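A quick note: this is a predicted structure, and the numbers were derived from the prediction, not measured.
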Amino acid sequence: MKILRIIADSDPRSGGPIEGTRRFGAVWAQHGHQQDLLTLDAPGESFLTDYPGEIIGVGPPRTSNPLHKYRYAPKMVPWLRSNLKKYDAVIVSGLWRYSAMGARQALIKSGVPYYVFTHGMLDPWFRETYPVKHWIKQISWLISEGPLLNSARNVLFTSREEMLLAENAFWPYSVKGRIVNYGTHDLLGDPLIQENAFRAKIAGLGQRDYFLFMSRLHPKKGCDLLVKAFGSIAARYPGIDIVIAGPDEAGLTENLISQAEAAGIGARVHFAGMLRGDDKAGALHGAKAFVLPSHQENFGIVVAEAMACSTPVLISNKVNIWREIEESQSGFVAPDDIAGTTALLESFLKLNQLEASVMGQRGRTYFLEHFHVEKAAMDLLGVLAS
């Protein structure tokens with residue numbers, strides 16, 4: 001098959017959708033299929049130099065203006081209308097960008113089957129947190145996103161929780177929803193070598209145990225909850241620290257450092273920045289547990305990566321795969337507040353070494369059966385082929 005993926009941004013720092021996209025593309029290429037990317041990046045602006053398909057950039061040059069992510073790309077619709085017939089299927093990843101608006105203009109009457117991944121963007125958390133933006137989105141829904149989703153062969157959800165939360169998020173709501181497997185690649189390499197290399201790069205960590213937060217530093221991710229919760233129990237557990245890893249595009253690091261120092265744990269909170277490759281694998285393998293107390297999280301690729309490393313996962317019930325974590329007994333789940341995050345940490349710290357190891361092994365087993373990218377990609381290919 002020849003597949004076109006439409007996605008706003010191909011920069012890996014933009015979060016999970018592009019990571020899943022590139023992993024699926026790599027699996028499909030191994031089986032003789034090709035996935036090209038149409039992005040709102042500028043022509044020649046390539047973040048994925050090893051991507052096994054064509055990357056078509058149709059957007060304007062990148063700027064520091066925060067509105068750049070909504071950028072208008074006048075070349076997008078003409079390119080689609082000229083090239084759609086080359087593809088067997090089209091996947092639109094994400095909403096509320098010109099990538100979705102341009103897709104609506106070109107796809108609805110094209111005759112080419114297309115599918116839409118919402119990537120959690122219909123979650124009611126956004127409506128409750130940003131009510132003014134929600135009404136702006138409702139107008140956009142009537143014009144663009146609603147028709148795009150209503151006419152799609154399927155709207156794809158990565159968990160039952162995501163599909164349930166999306167119901168009637170906007171009016172009118174009439175979509176053909178379908179739950180598909182989602183996931184990521186296994187983290188290969190020597191875990192001990194990777195962990196030692198990671199530790200050597202984090203000043204002050206040494207061989208101390210640590211909880212790992214790894215995600216974009218963003219208010220919705222709950223990294224402040226982790227610092228506050230850890231601060232409330234740190235004196236009783238002097239042998240463990242926190243590592244916070246991820247790009248800080250929202251400028252939260254300074255405030256998190258202040259919170260840690262005020263709680264008397266400044267020397268026990270370590271900031272690693274964005275991690276890739278062996279450094280990322282080493283951080284996940286070395287962590288006693290992975291913690292994500294997010295206020296809203298669609299799937300959480302990094303949760304699956306932690307499970308691949310046999311690392312127990314401690315997540316909020318706003319991470320949409322929380323049901324799967326509870327059912328597989330591969331971690332703990334609690335509300336996305338300070339009390340809930342504190343309960344996550346203490347529940348884990350009360351486990352003995354064997355119990356923690358068994359929990360991590362359950363996560364590894366579940367990852368291989370459900371979240372491994374090979375399985376997820378081939379399941380999605382079956383949907384497209386049908």
Chemist: Do I108 and I6 share a hydrophobic cluster (ILVMFWY, side-chain heavy atoms under 4.5 Å, transitive)?
Modeler: yes
Chemist: Any luck finding a side-chain donor-acceptor pair between Q34 and K2 under 3.5 Å?
Modeler: no
Chemist: Pair L314, V333 - check side-chain contact (heavy atoms from CB on, under 4.5 Å), show working.
Modeler: CA-CA 6 Å; L314 316 178; V333 177; over 6 Å; no
Chemist: Would you please test H270 and D241 for side-chain hydrogen bond (donor to acceptor under 3.5 Å, both in side chains) and show each step?
Modeler: CA-CA 8 Å; H270 312 274; D241 290 1; 2.9 Å; yes
Chemist: In sequence, state the C-alpha distance, the side-chain angles, and the governing distance for R323 and E161, and then conclude on salt bridge (Lys or Arg N to Asp or Glu O under 4.0 Å).
Modeler: CA-CA 8 Å; R323 297 177 190 274; E161 185 76 2; 2.7 Å; yes
Chemist: At their closest point, which heavy atom of S316 faces which heavy atom of D336, and how far apart are they?
Modeler: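 Nearest heavy atoms, S316 then D336: CB-CB, 3.8 Å.
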Chemist: Test your reading of the model: is there a side-chain donor-acceptor pair from E162 to the backbone of F157, 3.5 Å cut-off?
Modeler: no
Chemist: Are S215 and K221 linked by a side-chain donor-acceptor pair shorter than 3.5 Å?
Modeler: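 Indeed, the side chains of S215 and K221 share at least one donor-acceptor pair under 3.5 Å.
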Chemist: Could you give the side-chain donor-acceptor pairs of residues 272-281 under 3.5 Å, partners two or more places apart or in another chain?
Modeler:
from	atom 1	to	atom 2	distance (Å)
D278	OD1	Q194	NE2	3.1
D279	OD1	K201	NZ	3.1
D279	OD2	K201	NZ	2.7
K280	NZ	E305	OE1	3.0
K280	NZ	E305	OE2	3.1

Chemist: Kindly determine whether L37 and T21 satisfy side-chain contact (heavy atoms from CB on, under 4.5 Å), including the steps that lead there.
Modeler: CA-CA 9 Å; L37 301 185; T21 295; 3.3 Å; yes
Chemist: What pairs with T39 under side chain to side chain donor-acceptor pair (under 3.5 Å), at least two apart in sequence or on another chain?
Modeler: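 By the side chain to side chain donor-acceptor pair (under 3.5 Å) rule, T39 matches D41.
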Chemist: Identify the heavy atoms of Y366 and S328 that sit nearest to each other, and give their distance.
Modeler: CD1-CB, 3.4 Å
Chemist: Show the numbers, then the answer: is there a side-chain contact (heavy atoms from CB on, under 4.5 Å) between E145 and F170?
Modeler: CA-CA 10 Å; E145 278 77 10; F170 293 90; over 6 Å; no
Chemist: With a 3.5 Å cut-off and no angle check, do the side chains of S93 and R5 form a donor-acceptor pair?
Modeler: yes
Chemist: Compare every heavy atom of R127 with every heavy atom of N168, then report the nearest pair and how far apart it is.
Modeler: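 Closest heavy-atom pair between N168 and R127: O-NH1, 4.5 Å.
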Chemist: Hey, any chance Y130 and W141 share a hydrophobic cluster, counting ILVMFWY side chains that come within less than 4.5 Å of each other, even indirectly?
Modeler: no
Chemist: Kindly assign one of parallel, tilted or perpendicular to the pair F198 and Y210, based on the angle between their ring planes and the thresholds 30° and 60°.
Modeler: tilted
Chemist: Taking atom types as modelled, find out whether Q35 and Y51 have a side-chain donor-acceptor pair closer than 3.5 angstrom.
Modeler: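 Q35 vs Y51: donor-acceptor pair found between side chains.
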Chemist: Under 3.5 Å, is there a donor-acceptor pair linking the side chains of E324 and S159?
Modeler: no
Chemist: Quiz question: by atom type and distance under 3.5 Å, do the side chains of Y87 and D36 form a donor-acceptor pair?
Modeler: yes
Chemist: Hey, are E374 and H31 close enough side-chain-wise for a donor-acceptor pair under 3.5 Å?
Modeler: yes
Chemist: Would you please name every residue forming a side-chain contact (heavy atoms from CB on, under 4.5 Å) with K375, sequence neighbours left out?
Modeler: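 Listed in chain order: N181, D379.
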Chemist: Which donor-acceptor pairs under 3.5 Å do side chains of residues 251-261 form with protein atoms, sequence neighbours excluded?
Modeler:
from	atom 1	to	atom 2	distance (Å)
T253	OG1	D248	OD2	2.6
S258	OG	E254	O	3.1

Chemist: State plainly whether the residues D337 and K228 are in salt-bridge range, i.e. N to O under 4.0 Å.
Modeler: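 Salt bridge absent between D337 and K228.
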Chemist: Which is it for W322 and F332 under the side-chain contact (heavy atoms from CB on, under 4.5 Å) test, yes or no, and what are the steps along the way?
Modeler: CA-CA 9 Å; W322 67 267; F332 290 119; over 6 Å; no
Chemist: Please list, chain by chain and in numerical order, all residues satisfying side chain to side chain donor-acceptor pair (under 3.5 Å) with S144, sequence neighbours excluded.
Modeler: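 In terms of side chain to side chain donor-acceptor pair (under 3.5 Å), with neighbours along the sequence ignored, S144 is linked to no residue.
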Chemist: Taking all heavy atoms of G183 and all of A376, pick out the closest pair and write down the distance.
Modeler: N-CB, 3.9 Å
Chemist: Would you mind listing the cluster partners of W135? Hydrophobic ones only (ILVMFWY), side-chain contacts under 4.5 Å, chaining allowed.
Modeler: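 The other cluster members (ILVMFWY side chains, heavy atoms under 4.5 Å, direct or chained): none.
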Chemist: Has the side chain of S110 got a donor or acceptor atom that lies under 3.5 Å from a matching backbone atom of L107?
Modeler: yes
Chemist: How are the rings of F371 and F299 set to each other: parallel, tilted or perpendicular (split at 30° and 60°)?
Modeler: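 It falls in the perpendicular class, over 60°.
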Chemist: With a 4.5 Å limit on heavy-atom distance, are the side chains of P17 and F117 in contact?
Modeler: no
Chemist: Treat each ILVMFWY residue as a node, draw an edge where side-chain heavy atoms are under 4.5 Å apart, and state whether I240 and L284 are in one component.
Modeler: yes
Chemist: With a distance cut-off below 6.0 Å to the six-membered ring centre and an angular limit of 45° from the axis, does K137 pair with F126 as a cation-pi contact?
Modeler: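 Geometry flag: set, cation within 6.0 Å and 45°.
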Chemist: Taking a hydrophobic cluster as the set of Ile, Leu, Val, Met, Phe, Trp and Tyr residues connected by side-chain heavy atoms closer than 4.5 Å, whether directly or through intermediates, do L165 and W96 fall within one such cluster?
Modeler: no
